[in-house]
There are 2 protein chains.
Amino acid sequence: MDLADESGIESVTMRGLARRLGVEAASLYNHVAGKGDVLDGMVDVVVAAIDVPSGGVEWKEAMRRRAVSARGVFARHPWAAGLIDSRERSGSAGLSYADRVLGVLLAAGFPPRVAANAFMALDSYILGFERQRANLSLSDEAGTTDAARETLAAVPPGAFPSLVRVAEEYAAEPYDDEATFAFGLSLLLDGLQRLLEAAPG
Amino acid sequence: MDLADESGIESVTMRGLARRLGVEAASLYNHVAGKGDVLDGMVDVVVAAIDVPSGGVEWKEAMRRRAVSARGVFARHPWAAGLIDSRERSGSAGLSYADRVLGVLLAAGFPPRVAANAFMALDSYILGFERQRANLSLSDEAGTTDAARETLAAVPPGAFPSLVRVAEEYAAEPYDDEATFAFGLSLLLDGLQRLLEAAPG
DNA sequence: ACCTGAACACCGTTCAAGT
DNA sequence: ACCTGAACACCGTTCAAGT
């Protein structure tokens, strides 16, 4: 994980990892089944680091904090979101995470199937948003006005009028990642709350 | 793309692609800058295939159809979602796609910044859902009751009670991918509509 | 203008040989 | 029990040499 943080996930090779550990690549196979095993281990650690408040916190607040916690993890480990959704779920950390999230939703009164759907919707959004952010290069907000201006300059005149209109907005005032993330999250959470109120218990 | 459809994205190597074309790997470099160029091209084609209704369709219906179209593309090309969010946006297909989606939202009356937030939220969800689905192996609904039963059998007794409760539900009646996707999508779309009604024009 | 063969600097993984 | 060197079957990419 240190190696990935410092040099990027693409530098996590069996040979590179071995070098960093002062050992030969072949030696790693005495401790690990293969590269997939290493990556799954990283996913496990990272998922375990997402915390889900459970006792005495209202479900909506708990889900919001879980999202914030996940985003903190992604900020510390830029490779995490991509790795999580490039590997099939397996580790026990994933099971525990799912259990805690579902626990909050069931306790709030959502029927099991609705809780599962809500879990899927929230996680799709949280992970999807991070991936989107990463490959739109929206990482540093300071640079977004410049990026918007560059986009405007690059677009052929007359083409993509709607895109241009939106880009002008961001050329004037920078993109706010926090606010954009909160926008979608609130749509989901408010919708879930309405559902709960419509059919309580 | 045929190669990826038939043998998986991991079989799309410069050497493998060349073999399929009856040519040497080195020859490809006369037509393409490198492997990244090939992958970006695939993303471009795939994004261009997502259609966004524009004329005479209500915005909500247009966004729903766009989601359905995207899911159709992902069904035809299982590697597409993963590839899209592993590469930085660049191609003109992406710009055009963004322009069309933003066009629908602006025409519906959303202010530019809200339209951008809505676009981000919807796309995060659509892509995120697909990635989630792919690595939870929820591809074939027929197998989901078995999968749920296996999960139940594998979980240590007494552990993960909430997860067990939900899994029992799916062991009894299979997971419905369509319905689950629609659940989250409706939360977002209904929330957006409420926003629009609260501050019209 | 395009193709090829050969090479370079990498991968992940295996396995006999060492200690 | 763990490590190593060497090998195998791959990668992406470059480049001189061909046509």
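Just so it is clear: chains get the letters A, B, ... in the order the sequence lines come, proteins before strands, and each one is counted from 1.
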Between the protein and nucleotides 17-19 of chain C, list every N/O to N/O distance that falls short of 3.5 Å.
none

Check: Is the Lys NZ or Arg CZ of A:Arg113 less than 6.0 Å from the centre of B:Tyr170's six-membered ring, within 45° of the axis?
Finding: yes
Pair [X] + [Y], salt bridge at N-O below 4.0 Å:
X        : Y        : answer
A:Arg131 : A:Asp85  : yes
B:Arg87  : B:Asp40  : yes
A:Arg65  : A:Asp51  : no
B:Arg133 : B:Glu130 : yes
A:Arg71  : A:Asp177 : yes

Shorter than 3.5 Å, N or O on both sides, protein versus nucleotides 8-12 of chain C: list them out with atom names.
unit_1: C:dG12; atom_1: OP1; unit_2: A:Met14; atom_2: N; d: 3.1
unit_1: C:dG12; atom_1: OP1; unit_2: A:Lys35; atom_2: NZ; d: 3.2
unit_1: C:dG12; atom_1: OP2; unit_2: A:Met14; atom_2: N; d: 2.8
unit_1: C:dG12; atom_1: OP2; unit_2: A:Arg15; atom_2: N; d: 3.4
unit_1: C:dG12; atom_1: N7; unit_2: A:Arg15; atom_2: NH1; d: 2.3
unit_1: C:dG12; atom_1: O6; unit_2: A:Arg15; atom_2: NH1; d: 3.0

Notebook entry, point to check: Sequence neighbours excluded, which residues qualify as side chain to side chain donor-acceptor pair (under 3.5 Å) partners of A:Thr151?
Noted result: none
Next item on the list: For this output row, return yes or no: ring centroids of A:Phe181 and A:Tyr125 closer than 6.0 angstrom.
Entry: yes
Check nucleotides 2-6 of chain D against the protein and report each pair of N or O atoms closer than 3.5 Å, with its distance, or say if there are none.
unit_1: D:dT4; atom_1: OP2; unit_2: A:Glu24; atom_2: N; d: 3.0
unit_1: D:dT4; atom_1: OP2; unit_2: A:Ser27; atom_2: OG; d: 2.9

Margin query: Quick check against the 3.5 Å criterion: does A:Ser96 have a side-chain atom that pairs as donor or acceptor with the backbone of A:Ser92?
Written below: no
Next item on the list: Would you sketch DNA chain C in dot-bracket for me? Only Watson-Crick or G-U wobble pairs with both distances under 3.5 Å count, crossing pairs as [ ], other-strand pairs as |, the rest as dots.
Entry: ||.|||||...|||||.||
Next item on the list: Could you please spell out the steps behind the salt bridge (charged side-chain N to carboxylate O under 4.0 Å, His left out) verdict for B:Glu61 and B:Arg66?
Entry: CA-CA 9 Å; B:Glu61 179 60 20; B:Arg66 152 170 87 104; over 6 Å; no
Next item on the list: May I have all residue pairs that pass salt bridge (charged side-chain N to carboxylate O under 4.0 Å, His left out) and include part of residues 90-102 of chain A, sequence neighbours excluded?
Entry: none
Notebook entry, point to check: Would you say A:Leu185 and A:Phe129 make side-chain contact, with heavy atoms under 4.5 Å?
Noted result: no
